[in-house]
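To start, the structure under review is shown below, and the notes come after it.
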Amino acid sequence: MGESRVLSRAEALELGPGWRHACHALLYAPCPGRLFGRVPLRHAVLMQMRFDGQLGFPGGFVDPRDSSLEAGLSRELREELGSGAAPLSLAEGDHLGARFAETPQRLVAHFYAKRLSLEQLRALEEGATKAADHGLEVLGLVRVPLYTLRDGVGGLPTFLSNSFVASARQQLLQALGALGLVPEAELRRADAVSRKGL
Ligand code: AMP
Ligand code: MN
């Protein structure tokens, strides 16, 4: 799926019948803290360890019963993050792009991002172990390290060398740049370092 073109929400819906849709979301909050009292954390960005051992974003397949893409996303977020996700109300305006793949099945993966307050994000983290999918499809939430440590490798470059589901790694890089959470030059460097096998 990885390298395909990024479509708008409207373009993706025009693909017509025969395509399944999935929606995933990046939830983030400004985070003023410093690691070791020195390294700025910048933002708290949530991903999750999945049942298959890969990192991904919360979300999943949209059902024909869901009234919209966003209704399907809300349902998936409640299943995976618990009832604390109910008030999040991701909307069409939070859509960052969609990627499509023909194999193994015709799938359109929609990606959303939503800014929360740090208090809201912490409440989500605290409630997530009560979610229906906790310990099943979701093995735990993680925060993404957005900094690079002095050795040039620790932090974001090392995080990017994990295994990511489908296009989740590209979605992460795209969002960190587009939302201004990590400077573009630092992002490109972290991407390059992680691809070189550290
Ligand atoms: P899920 O139910 O979360 O596993 O997602 C449904 C489908 O979307 C699966 O086929 C996954 O391969 C795919 N998928 C999962 N996470 C992502 C993601 N972050 N980006 C794109 N596709 C994904
Ligand atoms: Mn899922």
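Below, each value reflects all heavy atoms present in this structure, side chains not excepted, and no hydrogens, waters or symmetry copies. First listed ligand is number 1; within each ligand, the first listed atom is number 1. Nothing here was measured: the structure is a model prediction, and the numbers come from that model.
A salt bridge between R50 and E80 is absent, with no side-chain N of the basic residue lying under 4.0 Å from a carboxylate O of the acidic one.
For Y147 and F159, the ring centers are positioned 6.0 Å apart or more.
Taking a cut-off of under 4.0 Å to the non-hydrogen atoms of A109, the atoms of ligand 1 that pass are 21 (C), 22 (N). Each of the atoms 19 (N) of ligand 1 lies under 4.0 Å from some heavy atom of F57. Listed by atom number, the atoms of ligand 1 under 4.0 Å from G60 heavy atoms are 1 (P), 2 (O), 3 (O), 5 (O). If you number the atoms of ligand 1 from 1 as listed, the ones under 4.0 Å from a heavy atom of V165 come out as 12 (O), 15 (C), 16 (N), 17 (C). Those atoms of ligand 1 that come under 4.0 Å of a heavy atom in R50, given as number and element, are 1 (P), 3 (O), 4 (O), 15 (C), 16 (N). Short contacts between ligand 1 and G59, defined as distances under 4.0 Å to a heavy atom of the residue, involve ligand atoms 3 (O).
Q120 contributes a side-chain N or O that, together with a main-chain N or O of S117, makes up a donor-acceptor pair within less than 3.5 Å. Side-chain N or O atoms of D63 include none that pairs as donor or acceptor with a backbone N or O of R65 at under 3.5 Å. In terms of modelled atom types and a separation under 3.5 Å, the side chain of S167 and the main chain of Q170 share no donor-acceptor contact. With T158 contributing its side chain and V153 its backbone, the two residues share a donor-acceptor pair below 3.5 Å. In this structure, the side chain of Q174 engages the main chain of L96 through a donor-acceptor pair within 3.5 Å.
Between L27 and L121 the shortest heavy-atom distance is O-CD1, 4.1 Å. Residues L69 and H21 approach most closely at CD2-CB, 3.9 Å, considering heavy atoms. Taking both residues in full, the closest heavy atoms of L160 and S194 are given as CB-OG, 3.6 Å, listed atom of the first, atom of the second, then distance.
With a 4.0 Å cut-off on non-hydrogen atoms, E137 does not touch ligand 1 at all.
Not close to ligand 1: G56, with no non-hydrogen atom less than 4.0 angstrom away.
Scanning P58, A168, S167 for the heavy atom closest to atom 21 (C) of ligand 1 points to S167.
Counting only residues at least two apart or in different chains, ring-ring contact (aromatic ring centres under 6.0 Å, His included) contacts with residues 45-85 comprise F57-F111.
For the Mn ion (ligand 2), the count of nearby protein N, O or S atoms, meaning those under 2.8 Å away, is 2.
For ligand 1, the polar-atom distance check against Q105 finds no nitrogen or oxygen pair separated by under 3.5 Å.
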